[in-house]
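Here is the structure we will look at.
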Amino acid sequence: MKRLSRREFLKLAAVLPASLAFSRFSSRKTVGRAERPSVILLVLDAMSAYHLSLYGYGRKTTPNFERFAGRANIYHAHYSTANFTIPGTASLLMGTYPWTHRGLHLSGLVKREMAHMNLFALLGEDYHRFAFSQNVWATNLLLQFESDIDELLPSSAFSDYAFLVSEAFKRDEGNAHQVLDHVLFDYVDAPGLLVFGLAQRLYFERSRKALDRQYPRGVPQPRNHPIRFKMANVFDGLMGTLTRLPEPFCAYIHLFPPHSPYRAHRDFIGIFDDTPPHIEKPEHIFSEGESYETIEKNRLWYDEYIANVDFEFGRLLDYLEQNGVLDSSYLIVTSDHGELLERGIKGHVTPVLYEPLVRVPLLISAPGQQRRQDIYSPTSSVDLLPSLLHVTGNQVPDWVEGRLLPGLGGQEDPARRVLMLEAKSSSAFGKLRQATFAMRHGRYKAILYRGYERIGRDLVEIYDLESDPEEMHDLSQQQSPVIAGLTAELLEQFEQINTLP
Amino acid sequence: MPFSKRFPTCRQIVPVFALTAMLVYGWTMYRMLEKLPSWLLYLRPDEIASNFSYALVFNFLECVVVSGLIVLLGALLPFRRQEHEYFIAFGSSLSLLGLGYLVYLNWQVGASKANLFPWEIFAWSPFVLALILLAAFFVPRIKTLRLLLEAFADRTIILLYLFLPFTAIGFVVLLLNNLF
């Protein structure tokens with residue numbers, strides 16, 4: 001073998017530092033499996049598809065989503081399985097409906113024996129599995145999957161001020177979270193600690209008063225937890241995080257905005273003041289008695305908050321594009337549920353399942369995708385897990401209740417039946433005695449209210465979403481074979497799902 | 001009287017600590033038991049035990065802080081030498097009234113709407129606390145009340161036989177959960 005001369009050695013020695021420096025900046029860290037695509041799953045809590053200009057809303061709330069749509073698959077009839085975080089998020093991460101995973105309650109968890117049937121576990125150790133949720137209830141759920149996640153950030157990450165006691169108990173965060181943050185230092189109800197709990201609450205409320213002038217309606221924070229954050233800081237933090245994760249990675253990011261309280265940055269306040277008011281809908285039997293004026297005010301605040309989220313998303317999109325992340329990653333943007341601002345109802349803690357509450361955005365950009373594809377067939381959040389497993393080269397287990405999304409291995413099926421449930425008042429382990437169950441089948445949507453004292457009997461509503469997208473004209477009393485068939489199908493479906501797990 | 005001599009004896013502190021513990025532990029157990037039905041469905045017995053461990057340990061710390069404050073106030077307030085025996089009645093009334101007031105405040109906070117903290121009830125706090133302190137200072141001077149308070153505080157000591165061993169177990173559970 002030829003030996004290196006002194007001159008050759010010096011040449012090599014001169015090149016070595018430069019090549020080392022170059023390698024540090026030129027390529028992102030990998031764990032040797034970079035041929036598999038990374039996945040960024042961005043969940044924006046309580047973002048209703050109904051309020052996005054991307055889907056035709058009157059106010060220009062989402063110019064950056066529309067820009068992203070130019071290189072993504074847009075799902076126009078995508079439904080969450082429920083109208084609040086726990087069941088919606090669990091379905092998204094587990095590919096099963098709420099009656100199967102049983103995460104039915106506001107601060108509930110999924111069935112213990114199903115805790116390993118989640119996206120992170122199924123992707124396996126080939127992926128660097130990262131999770132971050134600003135919604136503490138979703139973090140609680142993620143803690144159930146903790147053993148399948150490589151990196152789980154606390155809800156307070158990237159925030160300006162947080163008081164989550166459980167973070168001091170890293171090795172026992174799940175239990176600490178349950179008892180400290182939810183009971184002893186309760187931020188919603190009376191604190192469980194007579195002295196420390198009240199002292200902490202006073203400290204938190206006092207600091208709340210020192211509101212940042214950038215946020216005239218208050219600095220954004222999760223509704224029930226004292227985590228205060230500036231949206232720009234959170235997105236900056238995410239940019240840094242997403243470019244440091246070893247590839248291939250699966251990053252589940254669950255951001256609290258635009259969930260209430262709607263607290264847009266001052267730059268977005270007043271941007272829609274000249275928009276004509278929304279159609280006034282009749283009060284529902286489950287109306288909370290909110291006046292039309294109150295609802296309109298909240299609708300405006302919500303829309304402004306969405307515009308704020310959209311702006312930050314635009315910055316994130318630019319950053320990911322510039323850093324080449326989207327060349328090797330799927331970027332999925334969706335929500336765990338929607339929001340309702342009509343019929344005397346404000347928010348999503350309600351038994352109803354109208355479109356603004358359950359129809360959520362879904363945009364998926366494949367690595368390097370440059371073309372827009374619009375998909376109009378009904379799809380469900382349970383479809384995400386099998387689709388992601390499919391595109392990452394993993395097997396889809398038999399127990400998964402979703403199917404492959406069109407554009408990700410599946411076919412468009414306009415007659416697809418998609419189901420939704422609200423059953424927070426029913427036992428998580430017994431039969432559903434009080435529930436709202438909805439079914440989107442083709443152009444129709446049928447809703448069943450069962451077990452509500454306020455109604456006193458089964459109530460069915462049926463809407464033709466093609467001719468009546470605002471769900472104003474209930475067809476359930478019409479005498480027609482189609483309506484009768486839908487009613488029978490709805491009741492039969494409910495009986496099928498309402499079996500003991 | 002030298003300042004060090006103004007502190008109560010251990011025999012005097014224990015009944016006050018016991019009464020404080022009754023209120024502090026009692027409130028937390030009341031709030032915890034509200035959650036228990038859902039925990040029974042969602043959590044394993046060891047997880048529920050762990051939750052109670054946190055509560056017991058935090059309660060013990062609260063009792064130490066509150067009792068310490070009462071002892072300090074007892075030493076600072078101008079009790080005369082012959083009133084030295086008043087500490088149990090003083091501490092007990094202060095504990096009962098002070099923690100009772102905290103129960104009221106906690107209830108009000110719990111009943112308030114999200115993001116609408118009831119600051120108005122806290123505006124009266126300095127006045128109410130001064131009144132409580134004044135009452136605790138003068139109550140021991142009424143013999144019947146003093147005897148009643150002493151007897152009551154003395155009987156609450158029995159609860160310490162329950163609280164303290166369970167807290168010790170809770171502390172061990174908490175340590176094990178967080179170390180291993």
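Letters A, B, ... mirror the listed sequences (proteins, then strands); counts begin at 1.
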Problem set entry | Residue pair Phe58(B), Leu180(A): steps toward the side chain to side chain contact (heavy atoms under 4.5 Å, CB included) verdict | CA-CA 10 Å; Phe58(B) 271 81; Leu180(A) 291 172; 3.6 Å; yes
For this session: Considering only heavy atoms and a distance below 4.5 Å, find which of Ser107(A), Gly197(A), Gly108(A) pairs most often with chain B.
Result: Gly108(A)
Exercise. Which bit of His182(A) is near chain B, if near means a heavy-atom gap under 4.5 Å: side chain, backbone, both or neither?
Worked result: backbone
Exercise. So which part of Leu109(A) gets closer than 4.5 Å to some heavy atom of chain B, the side chain, the backbone, both or neither?
Worked result: both
Exercise. Hey, is CD1 on Ile158(B) packed in by over 12 heavy atoms from elsewhere, all under 6.0 Å?
Worked result: no
For this session: Could you have a look at Asp186(A), Val110(A), Val183(A) and say which one has the most heavy-atom pairs with chain B under 4.5 angstrom?
Result: Val183(A)
Exercise. How about Trp39(B) and Gln178(A): does a side-chain donor come under 3.5 Å of a side-chain acceptor?
Worked result: yes
Exercise. Looking only at heavy atoms, which two atoms of Leu184(A) and Met32(B) are closest? And how far apart?
Worked result: CD2-SD, 4.2 Å
Exercise. If you count heavy-atom pairs under 4.5 Å between each of Ile48(B), Leu43(B), Val66(B) and chain A, which one has the most?
Worked result: Leu43(B)
Exercise. Does atom CZ of Arg112(A) have more than 12 heavy-atom neighbours, drawn from other residues, nucleotides or ligands, at distances under 6.0 Å?
Worked result: yes
Exercise. Quick one: what part of Phe52(B) sits under 4.5 Å from any heavy atom of chain A, side chain, backbone, both or neither?
Worked result: neither
Exercise. Can you tell me if NZ on Lys143(B) sees more than 12 non-hydrogen neighbours from other groups inside 6.0 Å?
Worked result: no
Exercise. Counting only heavy atoms not in Phe286(A), do more than 12 sit closer than 6.0 Å to its CZ atom?
Worked result: yes
Problem set entry | Approximate separation, where rounding is to 0.5 Å, of Leu175(B) CG and Asp172(A) CG | 11.5 Å
Exercise. Looking at Glu62(B) and Val195(A), what are the two nearest heavy atoms and their distance?
Worked result: OE2-N, 2.7 Å
Problem set entry | Atom pair CG (Leu61(B)) and CZ (Phe196(A)), whose distance is rounded to the nearest 0.5 Å | 5.5 Å
For this session: Could you please spell out the steps behind the side chain to side chain contact (heavy atoms under 4.5 Å, CB included) verdict for Arg201(A) and Val109(B)?
Result: CA-CA 9 Å; Arg201(A) 188 74 174 266; Val109(B) 165; 3.3 Å; yes
For this session: Could you grab the distance from atom NE2 of His177(A) to atom OH of Tyr54(B), nearest 0.5 Å is fine?
Result: 12.0 Å
For this session: For Ser50(B) and Asn175(A), indicate whether the former's side chain and the latter's backbone hold a donor-acceptor pair under 3.5 Å.
Result: no
Problem set entry | Separation between CG of Leu198(A) and CD of Gln108(B), rounded to the nearest 0.5 Å | 11.5 Å
Problem set entry | Straight-line distance of Arg31(B) CZ to Leu193(A) CG, nearest 0.5 Å | 10.5 Å
Seminar exercise, completed: Between Asn106(B) and Ala190(A) the two heavy atoms that sit nearest each other are O-CB, 3.1 Å
Exercise. Does any heavy atom of chain A fall under 4.5 Å from the side chain of Leu174(B), the backbone, both, or neither of them?
Worked result: side chain
For this session: Step through the shown structure and confirm whether more than 12 heavy atoms of other residues, nucleotides or ligands are within 6.0 Å of CZ on Phe163(B).
Result: yes
Problem set entry | Interatomic distance, Asn178(B) atom CG to Glu173(A) atom CD [nearest 0.5 angstrom] | 10.5 Å
Exercise. Does the separation of the ring centres of Phe204(A) and Phe117(B) fall below 6.0 angstrom?
Worked result: no
Exercise. Between Leu105(B), Leu23(B), Leu99(B), which shows the greatest number of heavy-atom pairs under 4.5 Å with chain A?
Worked result: Leu99(B)
